[in-house]
Amino acid sequence: FKGFMMVKNMKLSELSDDKINSLSNAEKEKIVYMDKDGGFTADVGIILGGSEEVILARAEAGLKAYKEGRVKYLVPTGHPDLTCNGETLPEYMHIKKYLLLNGVPESVIIDEPEALTTQENMIYAALRIQRVINFENVKSVMIITSKSHVKRSVALAEEFLPKHLKIYPESTAMEGEERGKWQNYPYFSGRMDAEIWLMKRLIVTGQMKDIEY
């Protein structure tokens, strides 16, 4: 129609530092959150380690997917020691302990005890999956993490896991994570800004695909 103008989507890689600092909450949500998140079925679920604030919620999301029959194997990840509920263990052990205490058989848990970053979560998880069950038997992987972390994590999974896999997101259900609510919770508000900066750096260095919003 006459006078109609197409609005060009912006790319995260094109944003200046000043523009990132001045993003609205709606723009931040469009960059960070996935449109469809959860309810998928996959052969393997990779549960990403994290801080004390989120790690047990990530373990719970993996447990829920397993009990619903939506995932066959679970891979708890993360090398760094973390104190949670007064106990200091590697991140993957906090997740594994939670799964075992809640009825997940050890035979379906594949430990990933090496990773220090989200990129390494994918690299080392791929190695452990290959050694334990072989990617000949795996067609799909579920990435299980927090809502403000899942988009970057899925993008990194697509870069670092075998290319034949279908990658699905599955996020936690913590209070304050939802769109429109995170800005009222200091932890999630801080994480939102950090995610945008991390994603831009990974895009610029060629470690994940650009994001349009």
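Predicted, not measured: the structure shown is a model, and the values here were computed from it. Only this structure's heavy atoms are used, side chains among them; waters, hydrogens and symmetry mates stay out.
- A salt bridge links D193 with K28: the closest approach of a Lys/Arg side-chain nitrogen to an acidic carboxylate oxygen falls below 4.0 angstrom.
- Qualifying side-chain contact (heavy atoms from CB on, under 4.5 Å) partners for K19, counting only residues two or more places apart in sequence or in other chains: L15, S16, S22, L23, E27, Y213.
- For the pair D37 (side chain) and S171 (backbone), a donor-acceptor distance under 3.5 Å is present.
- At a cut-off of 3.5 Å, with distance as the only test, a side-chain donor of D210 or S13 sits close to an acceptor on the other residue.
- Between the side chains of T118 and S153, no donor-acceptor pair of N or O atoms lies under 3.5 Å.
- Between the side chains of S51 and Y187, at least one donor N or O sits under 3.5 Å from an acceptor N or O.
- Between F40 and Y168, the ring planes lie parallel to each other; the angle is under 30°, not in the 30° to 60° tilted range.
- At a threshold of 4.0 Å, the pair D43-K72 counts as salt-bridged, since one of the basic side-chain nitrogens sits closer than that to a carboxylate oxygen.
- Counting only heavy atoms from C-beta outward, the side chains of H149 and V54 never approach each other to under 4.5 Å.
- The side-chain contact (heavy atoms from CB on, under 4.5 Å) search around M93 returns L89, P90, K96, not counting sequence neighbours.
- E177 has no carboxylate O lying under 4.0 Å from a charged side-chain N of K181, or vice versa, which leaves the two without a salt bridge.
- Taking the side chain as every heavy atom from C-beta outward, L82 and H94 approach each other to under 4.5 Å.
- Remark: F135 CZ to Q130 CD distance equals 6.5 Å, nearest 0.5 Å.
- Between the side chains of Y185 and E175, at least one donor N or O sits under 3.5 Å from an acceptor N or O.
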Exercise. Does the pair D81 and T88 meet the rule for a side chain to side chain donor-acceptor pair (under 3.5 Å), with working shown?
Worked result: CA-CA 6 Å; D81 283 343; T88 301; over 6 Å; no
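- Looking at R128 and E114, no side-chain N of the basic residue comes within less than 4.0 Å of a carboxylate O on the acidic one, giving no salt bridge.
- Side chains of Y66 and L99 form no contact here, defined as non-hydrogen atoms less than 4.5 Å apart.
- Using a cutoff of 4.0 Å between basic side-chain nitrogens and carboxylate oxygens, E159 and K209 are not scored as salt-bridged.
- The pair E178-K147 fails the salt-bridge criterion, with no side-chain N (NZ, NE, NH1 or NH2) lying under 4.0 Å from an Asp/Glu carboxylate O.
- Side-chain contact check for R58 versus L48: some heavy-atom pair is nearer than 4.5 Å.
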